[in-house]
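In what follows, chains are A, B, ... by sequence order, proteins preceding strands, each numbered from 1.
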Amino acid sequence: MSDVQPALAFPPVEDQLKVILRGVEKVVPEEELARKLAKSRETGRPLRIKYGIDPTGIDVHLGHTVPLRKLRQFQELGHQAVLIIGNFTAMVGDPSGRDQARAKRLSAEEVEANATDYLKQVGKVIDLSKTEIHRNGEWFSKMTFADILTLCSKVTVAQLLTRDDFAKRYASQSPIFLHECLYPVMQAWDSVEIKSDIELGGTEQLYSFMLARDLQRDQQLEQQLGVMSPILVGLDGKRRMGKSLGNYIGIAESPLAMMKKFMQIPDEVMPMYFELLTNIPLDEVQQLLAGHPKLAKQRLAREVIAQYHTSTAGDEAIQQWEAEVSAGALPADIEQVTIEASVVSNGTVTAAILFKQAGLCPTTSDARRLISQGGAYFGDDLQVISSHDQAIPITNGLLLKAGKKRYARLNLPS
RNA sequence: GGCGGAGUUCCCGAGCGGUCAAAGGGGCCAGACUGUAAAUCUGGUGGCUAUGCCUUCACAGGUUCGAAUCCUGUUUCCGCCA
């Protein structure tokens with residue numbers, strides 16, 4: 001696995017560039033990329049492509065797959081993927097793109113469990129058997145305080161504060177803790193340790209990537225390039241895809257669940273999704289986008305679903321979606337709920353209480369609101385409930401519907 | 001350490017000692033429309049055994065018939081000074 005590959009193993013530089021630059025927002029410094037690739041091809045030495053993550057308990061979603069897919073593409077071109085598990089940086093918490101400090105610090109055990117879980121997930125995107133994996137505790141745990149001071153002496157506070165996320169927090173009167181300032185420094189040092197040629201990440205990583213170059217030069221190493229992907233926007237089409245914003249599509253989700261979410265994205269983000277999440281040639285994408293948006297969206301969903309499920313899962317999901325959402329059929333997986341026997345009186349339950357008990361509304365007040373707005377339905381013929389105190393006759397398997405999408409089926413209390 | 005400013009409901013943000021569950025915007029929810037979405041229009045958005053009751057305006061006390069609004073202490077943030 002450490003065999004030096006013959007020069008011919010690498011495709012021509014132009015071909016490599018075509019693959020590498022798809023969906024990439026920025027390469028810095030751009031002019032070095034072709035040079036690096038050419039040199040690698042001449043010498044037969046694969047480039048070392050770094051990608052780092054913090055094992056903070058991530059459900060990998062499509063936003064994460066953007067740089068991971070890029071890493072995969074480098075692997076397919078014959079380069080060496082180097083994955084950094086930031087078990088030490090996780091103790092700090094990445095301030096990038098955050099408007100507040102991470103709330104809790106993780107224990108070593110949690111971090112290790114998260115790392116294992118994470119690797120299992122990313123194995124769907126990159127080829128782990130050809131990936132070099134490091135935990136940055138390998139080097140950080142051995143550093144002395146003197147080492148750390150030396151490292152810190154390379155960075156000025158003014159530089160740190162130019163980072164967009166710090167600047168924003170500073171401006172909005174949010175705290176910035178000292179240890180957070182070390183985060184980019186640590187991340188940059190990882191690049192020194194593993195001698196990276198290219199680092200992948202989002203555009204918000206620019207500062208860290210450049211700092212890594214400084215530190216590498218300082219150690220007489222070849223300097224890395226930053227290959228930065230745009231931030232994938234979430235289902236709302238505005239903000240970055242993220243778990244906390246609830247606007248993400250997880251790669252472990254069922255085909256139908258993914259399908260539903262894909263169909264919800266605004267039309268405007270389709271070009272970005274096609275470019276970043278699929279390998280469909282861009283001229284074909286243009287044709288798709290020129291056609292009906294619904295068909296284009298279905299095609300997009302099908303492609304992505306097939307990547308994380310079986311090759312036919314995408315088509316099946318389209319059919320299910322058409323039946324359920326488009327034609328209005330009931331979903332296949334309606335949740336079965338049981339209510340407390342105490343709320344049943346003469347075989348009926350007050351409507352508002354029923355919806356709360358069925359878990360369709362978080363509070364009675366919320367259920368009352370829903371009903372007063374005409375968004376509560378019951379029975380297989382989905383009769384509208386007109387009043388919060390309407391007595392609903394209870395039968396086994398009674399169908400309840402809240403709003404457009406939420407359903408529940410009743411189990412009689414024993 | 002000193003002085004000054006600030007901390008409001010999911011977020012931003014307005015709030016005269018009573019008429020404040022608290023303006024406005026965002027987000028979200030529901031209804032109409034639809035191609036799935038967006039846009040647009042309408043309504044809603046603390047809780048409850050519900051036309052009344054209870055709990056909220058950093059935290060803990062206090063003044064008052066009455067406090068988000070006044071006072072004291074604590075705490076966090078920001079600014080200036082040291």
task: Mind calculating the distance between CH2 (A:Trp321) and P (B:rG35) to the nearest angstrom?
output: 11 Å
- line: Heavy-atom nearest nucleotide on RNA chain B taken for A:Gly375 and for A:Arg368; more 5' hit belongs to A:Gly375
message: Rounded to whole Å, how long is the line connecting atom CD1 of A:Ile265 with atom P of B:rA38?
response: 12 Å
Which nucleotide in B:rG43, B:rG31, B:rC29 has an atom nearest any side-chain atom of A:Gln373: B:rG43
query: Is A:Arg302 paired with A:Asp315 through a side-chain N to carboxylate O contact shorter than 4.0 Å?
result: yes
- prompt: So, A:Lys18 and A:Asp15, do they make that salt bridge, N to O below 4.0 Å?
  reply: no
field: Axial cation check for A:Tyr308 ring with A:Lys124, 6.0 Å and 45° limits
entry: no
message: Whole angstroms only, please: what is the CG-P distance between A:Asp366 and B:rA50?
response: 17 Å
query: Under 4.0 Å between a side-chain N/O of A:Lys297 and OP1 or OP2 of B:rU36, yes or no?
result: no
query: Mind checking whether A:Tyr273 and A:Phe262 have parallel, tilted or perpendicular rings, split at 30° and 60°?
result: perpendicular
query: Side chains of A:Lys70 and A:Gln73: donor-acceptor distance under 3.5 Å anywhere?
result: yes
A:Lys120 with A:Asp117: basic N within carboxylate O range, under 4.0 Å: no
Separation of the P atoms in B:rA38 and B:rG31, to the nearest angstrom: 14 Å
message: Within the supplied structure, the quantity of interest is the number of heavy atoms (other residues, nucleotides, ligands) at a distance under 6.0 Å from A:Asp381 CG; does it exceed 12?
response: yes
message: Rounded to whole Å, please give me the gap between CD in A:Gln298 and P in B:rA37.
response: 13 Å
message: I want to check something: taking the side chain as every heavy atom from C-beta on, are A:Pro29 and A:Arg213 in contact at a cut-off of under 4.5 Å?
response: yes
Atom pairs under 3.5 Å: protein N/O with N/O of nucleotides 53-56 of chain B:
none

field: Stems formed with participation of RNA chain B [Watson-Crick or G-U wobble, under 3.5 Å, three or more pairs]
entry: B:1-7 with B:75-81, B:10-12 with B:24-26, B:27-32 with B:40-45, B:46-48 with B:52-54, B:58-62 with B:70-74
- prompt: In terms of the nearest nucleotide of RNA chain B, which residue is placed more toward the 5' end: A:Ile353 or A:Leu295?
  reply: A:Leu295
Protein-nucleotides 20-22 of chain B N/O pairs closer than 3.5 Å?
none

message: I want to check one thing: is the phosphate of B:rG31, taken as OP1 and OP2, less than 4.0 Å away from some side-chain N or O of A:Tyr377?
response: yes
message: Between the side chains of A:Glu303 and A:Arg299, is the shortest nitrogen-to-carboxylate-oxygen separation below 4.0 Å, so that they form an ion pair?
response: yes
query: Any chance CD of A:Glu25 has more than 12 other-residue heavy atoms, nucleotides or ligands included, within less than 6.0 Å?
result: yes
field: Glycosidic conformation of B:rU75, taking syn as within 90° of 0 and anti otherwise
entry: anti
Pair A:Glu193 + A:Lys50, salt bridge at N-O below 4.0 Å: no
- request: Measure up the A:His134 and A:Trp139 rings against each other and bin them: parallel (under 30°), tilted (30 to 60°), perpendicular (over 60°).
  value: tilted
message: At less than 4.0 Å, is any side-chain N or O atom of A:Arg369 found next to OP1 or OP2 of B:rG47? Yes or no.
response: yes
task: Just call it for A:Thr363: base, sugar-phosphate, or nothing, with non-hydrogen atoms closer than 4.0 Å on any strand.
output: sugar-phosphate
- request: Considering just the side-chain nitrogens and oxygens of A:Ser372, establish if one lies under 4.0 Å of OP1 or OP2 belonging to B:rG43.
  value: no
